[in-house]
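Hydrogens, waters and symmetry mates play no part in the numbers below; they use all other heavy atoms, side chains included. Nothing fancy with the numbering, it's 1 onward along the sequence. Treat the numbers as computed from the prediction; the structure is a model and nothing was measured.
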Amino acid sequence: MEHFQLPDLCKVQPLLFLILTAQLLVLVVTLSNGRLLPFDWLHFANLTFFVQWNALLCAAVLCQVRACVARLPRISGALLCYALILLVSLLFSIFAQWLLHTFVTSAAVHVFDWQRVLANLAIVAVIGGIALRYLYLQQQLLVQQQAQLQAHIQALQSRIRPHFLFNSLNSVASLIGSNPVMAEKAVEDLAELFRASLKAATELVPIKQELALCEQYLAIEQLRMGDRLRIDWQLPALDDAVKIPSLTIQPLLENAVYHGIQPRAAGGTVVIKVAIEGQRCEISVANPLPDSAKADAFKHKGNSMALVNTRERLQAHFGSDAVLQAKVSENRFLAIISYYFN
């Protein structure tokens, strides 16, 4: 059963859009009733008072009943919202007529101009119906976009290279006979990695949790590579307020190991650095270039795919301000994540 959904009119953006649209309507009505010069500022002010307060009151009522309406069938929810708009407009129109004729006009004029009230109600019935339909379609489009975005994030998050699984299982198999305790620990670390990959795609985790997961991944890789893989952690004090999408840093480390350390006979050091400045978080992963690679040859297809993957996930969660830069500097490849976490 499809439900009737409206945007959250308690939020600033949809409320601001409603106010601007209402004011444009006031301008159009004012111009249609008179001439451009001289402009009827008194009529414009009176109409602004009525339309804006009426729009704000309707928005406040719809905001309060939004959760209840979302549980109703589409037709029932639409009729309820439409009836509430008409009721609020009727009551406010009566109040505005009383206010106008009590404090502005002479005592000889009747307090209530029922024809004006009914005319206002007819205008609201037309404009309110159009506005309600537009808000419903806008929310439907937003829900559809969010569903597509979540599916896209889930698809991006589910990409863990098969070679990592096979290499890890081979490392575990080689340890079963010689060091079963270490093999058991490796299996536990591997299970944590895949458990993280199965979490909700929209979930943000504390960066400390993500870094702990990265330590488990690197521990598995060190079983395979031994002393050739060296790690340099440069971390400040971190709290749970700093969050990041799960499995965001791990693919960068996987690239650093697979494309930077593994091809080198002597191995190398992967440097992970985190810096927090206010609400901005910057994470960098650096590794040496392969011995036989030129500075611009490191952009391997798999490496580029992981960078695009991570960049899209960050921007899906934090918007266009989230960036992922990749560059070669001093014979090192550097991947830098920067975003505002709150």
Side-chain angles (χ1 to χ4, degrees), residues 1-29 47-97 99 117-154 199-204 241 243 245 279 315-322 340-342:
M1 180 177 61
E2 188 175 359
H3 299 280
F4 188 78
Q5 296 180 334
L6 286 174
D8 189 356
L9 295 174
C10 291
K11 293 184 177 179
V12 175
Q13 185 174 354
L15 188 60
L16 180 61
F17 175 81
L18 183 64
I19 292 173
L20 292 176
T21 303
Q23 196 58 40
L24 288 175
L25 176 63
V26 169
L27 181 61
V28 170
V29 172
L47 198 57
T48 297
F49 171 82
F50 173 77
V51 171
Q52 290 293 0
W53 275 104
N54 190 67
L56 290 174
L57 287 173
C58 289
V61 171
L62 292 179
C63 175
Q64 296 301 317
V65 302
R66 180 171 179 264
C68 297
V69 171
R71 294 193 291 265
L72 297 175
R74 183 178 59 178
I75 297 178
S76 300
L79 291 176
L80 176 60
C81 291
Y82 191 56
L84 288 173
I85 290 175
L86 294 180
L87 177 61
V88 170
S89 302
L90 175 62
L91 295 176
F92 184 73
S93 183
I94 294 174
F95 171 75
Q97 285 294 318
L99 192 67
V117 170
L118 294 177
N120 291 339
L121 191 61
I123 294 173
V124 171
V126 176
I127 302 300
I130 296 174
L132 200 60
R133 176 63 176 172
Y134 171 78
L135 291 174
Y136 170 74
L137 293 177
Q138 184 187 46
Q139 183 65 14
Q140 288 293 99
L141 179 61
L142 180 61
V143 169
Q144 183 180 2
Q145 290 175 341
Q146 289 177 343
Q148 293 174 349
L149 180 60
Q150 290 179 8
H152 182 56
I153 294 175
Q154 184 67 57
K199 288 182 179 179
T202 56
E203 182 178 353
L204 296 176
K243 294 189 175 183
Q279 301 299 315
Q315 291 181 349
H317 283 281
F318 300 110
S320 59
D321 290 336
Y340 291 89
F341 56 87
N342 192 3

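- A donor-acceptor pair under 3.5 Å is formed between the side chain of Gln52 and the backbone N or O of Ile19.
- The shortest non-hydrogen separation linking Leu18 to Ala59 is CD2-CB, 3.7 Å.
- Separation of atoms CD1 (Ile130) and OG1 (Thr21) is listed at 12.5 Å; rounding is to 0.5 Å.
- In this structure, Arg66 CZ and Cys81 SG are separated by 10.5 Å, a value rounded to the nearest 0.5 Å.
- The side-chain heavy atoms of Phe92 and Leu56, taken from C-beta on, include no pair separated by under 4.5 Å.
- Among residues two or more places apart in sequence or in another chain, the side chain to side chain contact (heavy atoms under 4.5 Å, CB included) test is passed with Ala78 by Phe4.
- Remark: Leu47 engages Val26, Val29, Thr30, His43, Val51 in a side chain to side chain contact (heavy atoms under 4.5 Å, CB included) (not counting sequence neighbours).
- Here CG of Leu57 is found 11.0 Å from CG of Leu87. Values are rounded to the nearest 0.5 Å.
- Distance CG/Leu118 to CG/Leu90: 8.0 Å, rounded to 0.5 Å.
- Environment of OH in Tyr340: sparse, with no more than 12 heavy atoms of neighbouring residues, nucleotides or ligands closer than 6.0 Å.
- Here the shortest heavy-atom pairing between Phe318 and Pro245 reads CE1-CD, 3.6 Å.
- A distance of 11.0 Å separates CG of Leu9 from CZ of Phe17, quoted to the nearest 0.5 Å.
- In terms of heavy atoms, Val124 sits closest to Ser89 at CG1-OG, 3.0 Å.
- Scanning all heavy atoms of the two residues, the minimum distance from Val88 to Cys58 falls at CG1-SG, 3.8 Å.
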Give the C-alpha distance, both sets of side-chain angles, the deciding distance and a yes or no for side chain to side chain contact (heavy atoms under 4.5 Å, CB included) between Leu121 and Ser93. CA-CA 8 Å; Leu121 191 61; Ser93 183; over 6 Å; no
